> 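What follows is a single structure, and I will ask about it in a moment.
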Number of protein chains: 2
Amino acid sequence: MTEHSTAPRSRRERPAKPALTREGIVATAVALMLAEGLPRVTMRRLAQELDTGPASLYVYVRNTAELHAAVLDELLGEVDLGPAKGDGDWRGRVVAVLTSYTNVLFEHSALARAALAVHPSGHNYLALLETLLALLHEGGVPDDRAAWGVDVLLQTATATAAEHATRGEAGDAEGQRDALAAMVHDVPAATHPRVAALGVELFTGTPQERLTWIFRVLLDGIRHTPRT
Amino acid sequence: MTEHSTAPRSRRERPAKPALTREGIVATAVALMLAEGLPRVTMRRLAQELDTGPASLYVYVRNTAELHAAVLDELLGEVDLGPAKGDGDWRGRVVAVLTSYTNVLFEHSALARAALAVHPSGHNYLALLETLLALLHEGGVPDDRAAWGVDVLLQTATATAAEHATRGEAGDAEGQRDALAAMVHDVPAATHPRVAALGVELFTGTPQERLTWIFRVLLDGIRHTPRT
DNA sequence: ACCTGAACACCGTTCAAGT
DNA sequence: ACCTGAACACCGTTCAAGT
């Protein structure tokens with residue numbers, strides 16, 4: 001009897017379709033991304049997850065790029081800002097925070113590429129920015145260089161994650177890496193002496209090893225190189 | 001009479017449909033990209049341009065990513081390697097070559113994003129690599145640092161171009177930049193003192209101004225920072 | 001070996017119409 | 001104001017079948 005007591009309360013799905021809000025949409029998008037990867041976080045797929053049509057999402061989200069940016073900022077909440085308050089060398093603490101940032105992007109690889117495209121602007125990104133700027137300030141880096149420097153540091157981390165992104169999820173970068181390696185291997189010393197001389201050296205090191213070196217290169221350079 | 005002389009010679013289109021070759025496909029892809037932008041360089045659109053079906057292209061091209069990589073390498077032929085043989089400071093010459101590289105990517109913006117995804121491996125990329133390695137060698141940069149350093153230099157240039165890519169072609173990054181700028185403007189000094197202190201400083205400078213500073217930062221850092 | 005038609009399984013975004 | 005059905009204009013990739 002209670003099953004279909006009144007008319008307007010028509011057949012509804014099990015999990016009591018929740019009202020649409022930007023928050024709910026983004027949360028669902030994050031869950032979907034964790035479960036199936038960013039490429040599956042499309043307007044249509046997400047709408048289906050929310051038991052509605054894609055057009056409905058456009059009330060809360062301008063487009064797919066903005067949706068991905070929101071997902072990205074949400075994930076930036078996983079970055080460990082703790083090391084910033086440690087008491088070791090400030091440079092080591094900058095590297096620790098950036099390494100945590102990189103690891104988050106590495107785990108959710110496709111997001112790194114999105115990060116380059118959208119320039120995140122959520123509050124988690126802002127917290128990261130603040131943390132890094134405070135450390136550079138503590139290290140005595142002049143404001144004008146810190147302002148530009150923090151951008152390069154994050155960009156380098158992001159780009160490195162983006163480059164090594166395809167390996168896991170879309171799985172076809174492997175072949176491309178080999179293509180370059182093979183080309184470098186076969187290069188004649190007569191036309192390309194330096195490439196031939198360095199050879200495999202060009203491909204040594206894990207992304208992490210390379211990154212920690214690069215972070216130090218940047219911190220050194222930022223401290224020593226005046227602007228203008 | 002000659003119009004339809006024999007039967008097998010059926011109605012054919014004006015530009016005498018050329019035989020498919022990888023070269024021809026890539027050349028057409030480049031032309032299409034120059035005319036309509038990279039987002040239009042799809043398998044289907046390209047096949048249409050070549051007067052065939054998309055399936056035919058898969059004989060010569062593994063997938064869309066590889067196609068874009070080939071287009072990218074072709075465009076890398078526009079990079080001016082001339083400055084490398086000048087006689088000024090080697091650092092200035094590195095910056096000149098990298099600036100040319102950046103300009104090419106800036107003009108064909110969407111390619112920059114592709115460059116991060118595919119790690120180009122054509123012969124034009126190889127020539128660029130050789131040129132930069134020779135300059136670093138000339139500058140006395142140790143081999144192990146040159147090997148990793150050249151990668152960072154190119155990555156930074158590429159990532160910067162990729163970030164500022166959307167502005168022109170897809171045209172929606174503008175709004176996102178403003179979003180971050182607005183957020184930074186409204187940030188309370190109590191919770192985010194450094195962000196508040198730097199304020200607009202975070203957004204000053206053209207990409208080119210920033211890049212030339214960054215290139216010097218990197219060259220300085222690479223010279224002074226040992227590996228391990 | 002090379003080429004193709006047709007199909008499968010998707011996309012983003014807009015818009016007129018409803019509530 | 002919010003939500004939706006339906007449509008428009010596309011995608012990448014595979015595969016059986018032809019030449």
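This structure is a prediction, so every number in the text was calculated from the model and none was measured. So that the names make sense, note that chain A is the first sequence line, chain B the second, and so on, each numbered from 1.
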> Could you give the CD-to-P distance, from A/Gln48 to D/dG5, as a whole number of Å?
14 Å
> Can you tell me the distance, in whole Å, between the CG atom of B/Leu46 and the C1' atom of D/dC10?
16 Å
> So what does A/Ser56 touch, heavy atoms closer than 4.0 Å: a base, only the sugar-phosphate, or nothing?
base
> Paired with C/dG12 by Watson-Crick or G-U wobble geometry, both distances under 3.5 Å: which nucleotide is it?
D/dC8
> Atom OH of A/Tyr58 and atom P of C/dA17: how far apart are they, to the nearest Å?
21 Å
> Using a strict threshold of under 4.0 Å (side-chain N to carboxylate O), is an ion pair present between B/Arg22 and B/Glu66?
yes
> Roughly how far apart, to the nearest Å, are D/dC10 and C/dC8 at atom P?
22 Å
> Return the value, rounded to whole Å, for the distance between atom CE of A/Met43 and atom C1' of D/dA6.
18 Å
> To the nearest Å, how far apart are A/Leu57 CG and C/dT14 C1'?
14 Å
> Between C/dT14, C/dC11, C/dG5, which nucleotide has the shortest distance from any of its atoms to the side chain of A/Ala55?
C/dT14
> With a 3.5 angstrom cut-off on both distances, give the Watson-Crick or G-U wobble partner of D/dC2, or none if there isn't one.
C/dG18
> Please tell me if A/Thr64 has a side-chain N or O lying less than 4.0 Å from either OP1 or OP2 of C/dC11.
no
> When the distance from CG of B/Leu20 to P of C/dA1 is rounded to whole Å, what number comes out?
18 Å
> Once rounded to the nearest 0.5 Å, what's the spacing between atom OG1 of A/Thr156 and atom CG of A/Asp151?
9.5 Å
> To the nearest Å, how far apart are A/Leu67 CG and C/dT13 P?
10 Å
> Roughly how far, to the nearest 0.5 Å, is the OH atom of A/Tyr101 from the OG1 atom of A/Thr158?
2.5 Å
> On DNA chain D, does the nearest nucleotide to A/Arg44 precede the nearest nucleotide to A/Tyr60 from the 5' side, or the other way round? Give the residue.
A/Tyr60
> Roughly how many Å is it from CD in B/Glu49 to P in D/dC10, rounded to a whole number?
13 Å
> When the P atoms of D/dA9 and C/dA9 are considered, how many whole Å apart are they?
24 Å
> In this structure, which one of B/Thr28, B/Val61, B/Thr64, B/Thr52 forms a side chain to side chain contact (heavy atoms under 4.5 Å, CB included) with B/Leu46?
B/Thr28
> Can you measure from CZ (B/Arg45) to CG (B/Leu50) and round to the nearest 0.5 angstrom?
10.5 Å
